[in-house]
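Since the structure comes first, as structure tokens, the remarks are kept for the end.
Source: prediction; values computed, not measured. Chain letters run A, B, ... following the sequence lines, proteins first and then strands; every chain starts at 1.
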There are 2 protein chains.
Amino acid sequence: MAAKKTSLSFERPLTTVDIVIFTVLDEQLQVLLVQRPGGPEEPYPNAWALPGGFVDVDKDDSLLACARRKLLDKTGVKSPYLEQLGSWGGKTRDPRGWSATHAYFALLAADSVKLVQDEAKPARWHPVAELSPRKRLAFDHGDILQAALERLRNKVEYTSLPAFLLPEPFTLPQLQKMYEVVLGRPIDKSGFRTRALAADFLKEDGFLDVGSPRPAMGYRLKDRSAVMYFPRTFSPRS
Amino acid sequence: MAAKKTSLSFERPLTTVDIVIFTVLDEQLQVLLVQRPGGPEEPYPNAWALPGGFVDVDKDDSLLACARRKLLDKTGVKSPYLEQLGSWGGKTRDPRGWSATHAYFALLAADSVKLVQDEAKPARWHPVAELSPRKRLAFDHGDILQAALERLRNKVEYTSLPAFLLPEPFTLPQLQKMYEVVLGRPIDKSGFRTRALAADFLKEDGFLDVGSPRPAMGYRLKDRSAVMYFPRTFSPRS
DNA sequence: CTAATAGTGTCTCTGAGACACTATCGG
DNA sequence: CCGATAGTGTCTCAGAGACACTATTAG
């Protein structure tokens, strides 16, 4: 394993990991952003940015481990839904030099989060509807967020992803609401129930009384590590 | 732009770009591999690997540009279908140190390629069916190839990707053959034609005589920079 | 004519969408 | 009883799959 360093002396890009963390809060899709420190030597001082940072070659065994570490640090959540989104790299995206970031995207239930406030870097939920072109994010994080949103909205059409936005157990009406919030349009109840149950990724877990007149069946995911793919989408006929 | 180097003195991972280049040759899906040099200081000497290498912070403006450069160097092809596949990074994947690779995947027509042979690194097409667990690829390139195959087979079900495996103009029977080769199963002719034409991504380009008894209509892509998504898949009924 | 490939017509059936309906609770 | 939410039944229709059919060429 004694690494040969010969001819590896060229300049290496900076390597970071950034995470787009989504949740649904107040019936709105929200993303977690941190405010960058304001020092004069900092890039994008005081701008909002995705949580993330440099890979630590001593602490992190892999990119995924690095993402998990950063997510745990910020939110206290151990095992959210986490998938790779892509990578962005180039000469000009960071004024400090050629840099490449590995972006991940995560879904979690709002109430499972205890935001950890680093006084230098305050963290806050931002409704995605309220920041589209408004305040510009640091680096190319606006592009990354955009890609994450497209991926999320796309996958929601044909997967069980929104289940990760809810604490278990949850009811079918609650789950339907998650789909509707992410997609931004109502879904037919009957069709939704038929498909969700036919997809066979839920198991019953007793009745829940969530304050509505009639108690509803509570459900849990059969396998929290698997995502269900529906054969077709929820698209309206149009 | 004068970059502050203060506090950026920690160790940086090695950064590479690797490309999974697919084509169809002899009615088989094939992938381009290069043989690693055999020097005693080289990792995985003489093993087959995906084409790729270190990002050059002077030559490459971005990850995508880096991928294009490497692809052009190896195959002489300027504008193939090229998309990002994902990234793989960790402490142990390269014996020379913590490294992260940005993987891309490309599709091109076999006859558009003039393989550039670097005497130190011979390049050759390998039928994917013939190397599954057989010869182990260098680094984690087996995993990357596996991911590329899954992505390709998956997307072929509902996109026009196989069109990039053919030189233009091509006939519908030729295009159908590309789908069948990648999917590894026959497709119904009538349904295929209906859907391909309804998807409206082809434009007619006169009749072609490809040696078969009856000449067939030749087609070109309306927009070589866009991929068509079908509303449903080609899956057989059960 | 025949063989071979290009291209079309037609039947069936699944499953999604729309929407009206019933069921069960609190008050 | 009523209102509200949970959950079901039913009609229709687009579109995919299966497969038999016609069309056009070479010899």
Atom [atom1] of [X] to atom [atom2] of [N]: distance rounded to whole Å?
| X | N | atom1 | atom2 | result |
| --- | --- | --- | --- | --- |
| I187(A) | dG7(D) | CD1 | C1' | 17 Å |
| K189(B) | dA16(D) | NZ | P | 18 Å |
| D188(B) | dC11(C) | CG | C1' | 13 Å |
| Q176(A) | dT8(D) | CD | P | 13 Å |
| K177(B) | dT5(C) | NZ | C1' | 14 Å |
| R195(B) | dG7(C) | CZ | P | 19 Å |
| F170(B) | dA6(C) | CZ | P | 15 Å |
| Q174(A) | dT5(D) | CD | P | 13 Å |

Ring pair (Phe, Tyr, Trp, His ring centres under 6.0 Å) filter on W48(A), not counting sequence neighbours, yields H126(A)
Close approaches to DNA chain C from residues 206-217 of chain A, in residue order (heavy atom, under 4.0 Å): P213(A), R214(A), P215(A)
Counting only heavy atoms not in K155(A), do more than 12 fall under 6.0 Å of its NZ? yes
Result for salt bridge (charged side-chain N to carboxylate O under 4.0 Å, His left out) between E168(B) and one of K222(B), R224(B), K203(B) points to R224(B)
Side chain of D223(B), backbone of S225(B): donor and acceptor closer than 3.5 Å? yes
Would you mind telling me which of dA18(C), dG7(C), dG7(D) lies closest to the side-chain atoms of R193(A)? dG7(D)
Side-chain-base donor-acceptor pair under 3.5 Å for S190(A) and dG7(D): no
So, is the end of the R151(A) side chain (NZ or CZ) under 6.0 Å from the ring centre of F105(A) and within 45° of the ring's axis? no
Work out which heavy atom in K78(B) is nearest to a heavy atom in R68(B); give both atom names and the distance. O-NH1, 4.1 Å
